[in-house]
Amino acid sequence: MRQIYSLGRALDTIDFRCLLTLEPTALPALDAASQPALLLADGRRLSHAELLARMAELDVRLHLAESDVVLTTWRPDGGCDLLALVALGVSKGALVVAAGGGDLAGTRHDFGVTVLAGPGGTMERV
């Protein structure tokens, strides 16, 4: 967490009026063409372009929208597909719910799941 706002005086806080006078700080420079997006378990570096390409492939298959709820029981396996699915869901405004075992039928019902993603990369629209 970078900032906490308080409605009154609090220890180690900055008065809100002072925040308005602070100088802006530069964001870190990122170069998607040369910086890797991910370091995979096998040591391979995945570029931003490769991650975006995988997200696009998944989107062709799933057509995620902001009204979708993606339930994944897929455990991270060192590859990029689970991350690509989560990134796609977030970029589309979908809700991504991760669940271990337990009452998956109840979880599907409670969250109004529209897409299931399971072990081994199985994905289906329900």
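- Rounding to the nearest 0.5 Å places CE of M55 at 11.0 Å from NE2 of H48.
- Atom CG in L95 sits 11.0 Å away from atom OG in S67 (nearest 0.5 Å).
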(request) Any chance you could lay out the side-chain contact (heavy atoms from CB on, under 4.5 Å) test for L38 and L83, step after step, and finish with the verdict? (result) CA-CA 10 Å; L38 295 171; L83 182 65; 3.0 Å; yes
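- In the hydrophobic clustering of this structure, V113 does not group with V90; members are Ile, Leu, Val, Met, Phe, Trp, Tyr whose side-chain heavy atoms approach within less than 4.5 Å, directly or through other members.
- A salt bridge links E50 with R44; the closest basic N to acidic carboxylate O contact falls under 4.0 Å.
- Looking at V70 and L64, their side chains come closer than 4.5 Å, going by heavy atoms from C-beta outward.
- Contact record, L62 with M123: CD1-SD, 3.7 Å, taken as the closest heavy-atom pair.
- Side-chain contact between D59 and K92: present, with at least one pair of heavy atoms (C-beta onward) separated by less than 4.5 Å.
- V115 has its side chain out of reach of L71: every pair of non-hydrogen atoms, C-beta onward, lies at least 4.5 Å apart.
- Taking both residues in full, the closest heavy atoms of L46 and C80 are given as CD2-CB, 3.4 Å, listed atom of the first, atom of the second, then distance.
- Atom CD of E124 has more than 12 heavy atoms from other residues, nucleotides or ligands within 6.0 Å.
- The two residues A65 and A94 make their nearest non-hydrogen contact at O-CB, 3.6 Å.
- One distance of note links NE2 of H63 with OG1 of T114; it measures 13.0 Å at 0.5 Å rounding.
- Put simply, the side chain of L40 does not reach to within 4.5 Å of the side chain of R45, judged on heavy atoms.
- For the pair W74/D81, a side-chain contact is recorded, criterion being any heavy-atom separation below 4.5 Å from C-beta on.
- To the nearest 0.5 Å, atoms CG (D68) and CG (L88) are separated by 9.5 Å.
- Closest of all the heavy-atom pairs between T73 and G118 is OG1-CA, 3.6 Å.
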(request) Under the side-chain contact (heavy atoms from CB on, under 4.5 Å) rule, what do R108 and V126 come out as? Steps first, then yes or no, please. (result) CA-CA 10 Å; R108 284 176 62 178; V126 293; 3.8 Å; yes
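- Taken to the nearest 0.5 Å, the CZ atom of R54 stands 9.0 Å off from the CG atom of L85.
- Residue G89 comes nearest to V96 through the heavy atom pair CA-CG2, 4.2 Å, listed as atom of the first residue, atom of the second, then distance.
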